[in-house]
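Predicted model, so just to flag it, every value in this text is computed and none were measured. Residues: numbered from 1 along the sequence shown. Whatever order the structure lists them in is the order used to number ligands and atoms, beginning at 1.
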Amino acid sequence: MRLAIFGATGRMGLAIARLAHAAPDLEIVGGICSDQDPGVGKDIGELAGFGQLGVVTTPDIASGLLGADVVIDFSNAAAVTGLLAVAARQKVAVVSGTTNIDDTVKKALDRTAQSVPVMWAPNMSLGVQVLAELVEQAVKKLGLAYDVEITEIHHRKKVDSPSGTAKRLADAARNARPELREIHGRSGDVGARTDEEMAVYGLRGGDVIGDHTVYLFGQGERLELTHRASNRDLFANGALVAARFLAGKPAKRYTFADVLG
Ligand SMILES: NC(=O)c1ccc[n+]([C@@H]2O[C@H](COP(=O)([O-])OP(=O)(O)OC[C@H]3O[C@@H](n4cnc5c(N)ncnc54)[C@H](OP(=O)(O)O)[C@@H]3O)[C@@H](O)[C@H]2O)c1
């Protein structure tokens, strides 16, 4: 399978490049970064630390996608729509893990899925997929007597908050209790907690790859459901599994649950 990487010089892009290079069934044919990037025009293998690959990064999406079956995107929400338009035109399947996307990007994902297979997921780990299922089940079983709150911790360079995974877990809680209302801070004379509020807090610092905890606070007990990512390769591997799944599939919007079967 021939692979292009969008956001090729980023933390995730480089992890994808390293793992794809080591996989006998994958060939990296393109890498795209912004024109401001210090890594633009450089060899992807050199950037990822495994030696010369013979493929250099480019800011030009059309040439970066040339010959690719699938593009894997871990970039910036503002850049995704531009990628999708070219991927649809050049018939390249899309795996996207970029978070903090708005309704315009969500609609563009749907539109692109009319031309090529598309899978977007805010977290590409099996553990988080299972955590979301457990959260829904726990919130449903414990019911109204339990207060739901969510914390997420990420490295100091993360630019969006709350994390896409925290939003995903909030959605899982709301599947069981649709009245839950997300808030993102408490400060000053806010009064006692109401039943329907659900705070989602982001902590930032150091090199934390991603921790998420969903709390269910009851009277006399509390349940904490936690996922901790200790290696970025976890998400990169998930994206490669998704890319292999999408290659050759009919045009459609797929979920990570589809990928995991
Ligand atoms: N779904 C998951 O499992 C998962 C896991 C981890 C991270 N993420 C998400 O993936 C995204 C990237 O994370 P990261 O940690 O890899 O961030 P990062 O290190 O900041 O990398 C982002 C990359 O995207 C590039 N980029 C920005 N604008 C671009 C454009 N217009 N065209 C092409 N490339 C562009 C950046 O290049 P410049 O430096 O030139 O701007 C950089 O190479 C974030 O949204 C993050 O939340 C998702």
Considering non-hydrogen atoms of the protein only, which is the closest contact for [atom], and what is the distance?
atom: atom 26 (N) of ligand 1; result: S75 CB, 4.1 Å
atom: atom 19 (O) of ligand 1; result: R11 N, 2.9 Å
atom: atom 13 (O) of ligand 1; result: M12 CG, 4.2 Å
atom: atom 30 (C) of ligand 1; result: A79 CB, 3.5 Å
atom: atom 41 (O) of ligand 1; result: S34 OG, 3.8 Å

Return the option from [options] holding the heavy atom at the smallest distance from [atom].
atom: atom 37 (O) of ligand 1; options: D37, L14, T98; value: D37
atom: atom 45 (O) of ligand 1; options: D73, T99, I16; value: T99
atom: atom 5 (C) of ligand 1; options: W120, F235, F256; value: F235
atom: atom 9 (C) of ligand 1; options: G97, G7, A229; value: G97

Inset, instruction - Determine which pairs satisfy salt bridge (Lys or Arg N to Asp or Glu O under 4.0 Å) with at least one residue from residues 72-83, sequence neighbours left out, and list them in order. - result: none
Legend entry - Inter- and intrachain pairs under salt bridge (Lys or Arg N to Asp or Glu O under 4.0 Å), touching residues 156-176, at least two apart: K158-D160, D171-R174, R174-E182
Legend entry - Any N or O of H155 closer than 3.5 Å to N or O of ligand 1: no
Legend entry - Nitrogen or oxygen atoms of F6 and ligand 1 under 3.5 Å apart: no
Using atom types as modelled and distance alone, determine if a side-chain donor or acceptor of [X] lies under 3.5 Å from a backbone N or O of [Y].
X: D102; Y: V105; result: yes
X: D43; Y: E46; result: yes
X: N100; Y: A77; result: no

Legend entry - ligand 1 contacted by P122 (non-hydrogen, < 4.0 Å): yes
Inset, instruction - Please confirm whether K158 comes under 4.0 Å of ligand 1, counting heavy atoms of the residue only. - result: yes
Inset, instruction - Determine, for E149 against R186, whether the closest basic-nitrogen to carboxylate-oxygen distance falls under 4.0 angstrom. - result: yes
Inset, instruction - Identify whether the distance between the nearest side-chain nitrogen and carboxylate oxygen of E179 and R181 falls below 4.0 Å. - result: no
Legend entry - Atom indices of ligand 1 within 4.0 angstrom of T9 heavy atoms, with elements: 37 (O), 42 (C), 43 (O)
Legend entry - Ring centers of Y146, F217 separated by less than 6.0 Å: no
